[in-house]
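Below: the structure, in structure tokens.
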Amino acid sequence: MDPVRQAKIAELRRLGIDPFPTEPFLVNTTAAQIFRYYPQQKLDFKSVRLAGRLWRKRLMGKASFAVLRDESGEIQLYFQRDDFAERPELYDIVFKKLLDLGDVLGVEGFVFTTKTGEITVHVQRFRLLAKCLRPLPIEKETEEKTYAAFTDPELRYRMRYVDLIVHLGVRDIFRRRTTIVQSIRDFFNQRGYLEVETPILQPVYGGAFARPFTTHHEALDMQLFLRISNELYLKRLIVGGFTGVYEFSKDFRNEGIDRYHNPEFTQVELYVAYQDYLWMMELVEQLLESVVRQTLGKTTVQYGEHEIDFAAPYRRVRYYDAIESSLGVNVRHLSERELIELLHQKNLPLPTPPYERADLIARLFDKLVEPSLIQPTFVMDYPIELSPLAKAHRTDPELTERFELIVAGKELANAYSELNDPIDQRQRLEKQMALRAAGGLEAMPMDEDFLRALEYGMPPTAGLGLGIDRLAMLLCNVPSIQEVLLFPLLRPE
RNA sequence: GACUCCGUAGCUCAGUCGGUAGAGCACUUGCCUUUUAAGCAAGGGGUCCUGGGUUCGAGUCCCAGCGGAGUCACCA
């Protein structure tokens, strides 16, 4: 804490001013409302009350200017000594000396326009609502230059409250993120799908392939995992008779951190009975077009150097065709040796063993094809080896009824016609376990309860996972996931 | 995990060839009744990330560590 400011607290108390008063301060307008309505309706602004942080002081002799920043924006304040004739120390001492930038302040007065044309609140009374004991990194801007910008990403994320105070644009990002989530929720609710909550603490993890976080329940003396996915629980609900369920799911993966990955992240997953992945593609197009329109008021979004158009329909391309048109080679029937040769040719390292042919192909796709897909593109019909929870393709048993939606070179959504044959499902999971065991990885117990649920019969179902963080990155035009997470994971201080 | 860059005042940064620690903003004091990056004048403020080493002397050079950013790898 700043000793100068601590001394000011003592001085305020001596003057009978509580630096942290209890009484509420009722506001009746905001900075943005004043700017919007005052020019037409001046009479409505004879007695305004607003609250926010003291953001700038331009002190002069008997009159001074200041700037107040509230949630809606900034507005200039005007103080005159004459207004405080009964207690001049309120102006000379309290306002001029004891109030600091960053203090939370309530003001009362009338709106006017200065000679230079700036809409300003002429303050007649003010009350300190909370003292700010640490100096804020307040930026000063001119047309050419920004002074003292608060830019260190670590500090911004570690002290997000300061970042939010200082950078109005950061608040906009998180408002927009909430708009995105709400418009997805509205879209699903309008169609009658049921929002549910399923366990975050799971005795067996599944539904994706990732290392989990492990924890322990004392009373049951039981190992538990933070979910890496909620897929298997939502499918149990389809077995249970719901025809459409979704969940905004915070998932946890014990893996590396980079600008696309945080150990906890958010997906929305949707499962709809009696539908397939072709139907789901159309739903996703409608969903995204609608969400983007509601969030931005149009269907296009600038992301880095690209303008991306979310208006339906989206291009559709089959997995092997996408690889062929990108590399000029049909890789589907190449031998393992030929695939390794191709990876060498393209200067790509091999995956860590044990790997299958499909893993080599996946590497080609991930490194060479996916990054080139900028406009929303459905890549369909993935190899069966890569998709253990997806139904085999109706016309080609080596493929699955699966699509990923790629936007700006990154996976945004993943969907299947869900595998509902319990015998096939068991075999596929067993094969995955065998592969893990061969790679020396810790064995993952089979989710027997999930298989039991399937044995009771799951209707044919279309399932979708959509990455909320990635969507927010796109619609906010930010290059890293940390910018759309209020509190991204950091090392301890 | 590998590599590259970075770490100096509350914030953003400069610091030459190794020779007394700097600027702007913020802060403190004074003047100023429509200013606006307000201005003018004066002033305070440093574990130069940490620990070693080289040197008469290290913010600067070397080594190690810690932290951050980026690229790659891992994450089917």
Side-chain angles (χ1 to χ4, degrees), chain A residues 1-5 7-8 55-67 74-83 91 96-98 100-102 112-120 122 132-159 162-163 166 208-212 228 253-263 265 347-363 365-367 382-389 411 414 431-432 435-436 439 441 479-480 482 488 490-493:
Chain A
M1 280 186 292
D2 180 8
V4 175
R5 295 195 181 195
K8 287 177 178 180
W55 204 244
R56 268 183 232 304
K57 285 163 83 179
R58 290 189 283 279
L59 299 183
M60 295 177 289
K62 295 170 187 143
S64 297
F65 292 88
V67 172
E74 295 176 1
I75 190 156
Q76 179 164 262
L77 306 177
Y78 179 66
F79 290 75
Q80 268 189 3
R81 184 188 283 155
D82 294 350
D83 292 315
Y91 176 80
K96 274 184 145 181
K97 303 205 168 163
L98 300 181
D100 289 299
L101 303 193
F112 77 110
T113 306
T114 65
K115 275 184 196 163
T116 53
E118 182 158 350
I119 293 173
T120 300
H122 186 126
C132 174
L133 288 174
R134 291 173 181 266
L136 282 169
I138 292 179
E139 301 181 346
K140 276 195 158 186
E141 283 176 46
T142 58
E143 277 142 28
E144 316 94 64
K145 219 180 148 187
T146 298
Y147 291 79
F150 181 60
T151 50
D152 184 327
E154 189 203 348
L155 288 177
R156 287 184 48 229
Y157 303 148
R158 207 178 276 294
M159 298 193 288
V162 173
D163 190 34
V166 172
F209 293 89
R211 193 185 316 157
I228 59 172
R253 297 186 181 175
N254 203 341
E255 285 159 8
I257 299 174
D258 62 29
R259 70 193 174 97
Y260 297 102
H261 299 89
N262 191 66
F265 65 102
N347 237 340
L348 291 173
L350 297 179
T352 42
Y355 49 77
E356 302 183 276
R357 278 183 69 253
D359 297 318
L360 300 172
I361 294 168
R363 174 150 298 228
F365 179 82
D366 292 348
K367 298 297 170 194
Y382 281 64
I384 197 162
E385 297 87 343
L386 301 176
S387 314
L389 298 166
E411 173 193 346
N414 182 21
K431 188 176 170 207
Q432 292 299 324
L435 278 174
R436 282 177 65 87
L441 293 170
S480 83
Q482 283 84 7
L490 300 171
R491 282 172 207 274
E493 271 183 89

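Just so it is clear, the model here is predicted, and its values are computed rather than measured. Letters go in sequence order (proteins before strands), and every chain restarts at 1.
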Any strand is fair game: report the nucleotide pairing with [N] by Watson-Crick or G-U wobble, both distances under 3.5 Å, or none.
N	value
B:rC25	B:rG10
B:rU20	none
B:rC5	B:rG68
B:rC48	none
B:rC40	B:rG30

Of the listed nucleotides [options], the one nearest the side chain of [X]:
X	options	result
A:R259	B:rU71, B:rC27, B:rU35	B:rU71
A:K367	B:rU35, B:rA73, B:rC11	B:rA73
A:Q80	B:rC27, B:rU34, B:rU33	B:rU33

Can you check the distance between [N] and [M], where both ends of the measurement are the [atom1] atom (answer in whole Å)?
N	M	atom1	result
B:rA2	B:rC17	P	33 Å
B:rU54	B:rC61	C1'	8 Å
B:rU47	B:rC6	P	23 Å
B:rC40	B:rU8	P	29 Å
B:rA26	B:rA37	C1'	13 Å
B:rU50	B:rG7	P	13 Å
B:rA23	B:rG44	P	11 Å
B:rG67	B:rU29	C1'	39 Å

Please report, rounded to the nearest Å, how far the [atom2] atom of [N] is from the [atom1] atom of [X].
X	N	atom1	atom2	answer
A:R56	B:rA37	CZ	P	10 Å
A:I119	B:rU35	CD1	P	16 Å
A:Q76	B:rA38	CD	C1'	10 Å
A:Y78	B:rU33	OH	P	9 Å
A:K8	B:rU29	NZ	C1'	12 Å
A:L59	B:rU28	CG	P	9 Å
A:M60	B:rC40	CE	P	15 Å
A:Y260	B:rG70	OH	P	11 Å

| Roughly how far, to the nearest 0.5 Å, is CE of A:M60 from CZ of A:R81? | 12.0 Å
Taking only side-chain N and O atoms of [X], does any of them lie within less than 4.0 angstrom of OP1 or OP2 on [N]?
X	N	value
A:K57	B:rU35	no
A:R363	B:rC74	yes
A:R58	B:rA38	yes
A:K97	B:rG30	yes

| query | Of A:L101 and A:K96, whose closest RNA chain B nucleotide lies nearer the 5' terminus? | reply |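 With A:K96 and A:L101 compared, the 5'-side residue is A:L101.
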| field | Closest-nucleotide ordering on RNA chain B, the 5'-leading residue of A:P135 and A:K62 | value |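 Comparing both residues, the 5'-ward one is A:P135.
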Given 3.5 Å as the limit, does a donor-acceptor pair link the side chain of [X] with the main chain of [Y], or not?
X	Y	value
A:D359	A:E356	yes
A:K8	A:K97	yes
A:R156	A:D163	no
A:K57	A:K96	yes

| task | Ignoring hydrogens and angles, state whether a donor on the side chain of A:Q76 or A:Y78 is under 3.5 Å from an acceptor on the partner side chain. | result |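 Short answer, no.
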| request: Compare every heavy atom of A:E385 with every heavy atom of A:A358, then report the nearest pair and how far apart it is. | output: CB-CB, 3.7 Å
| said: Need one value for A:N254: base, sugar-phosphate or nothing, where a base atom within 4.0 Å counts as base even if backbone is also close, heavy atoms only. | reply: nothing
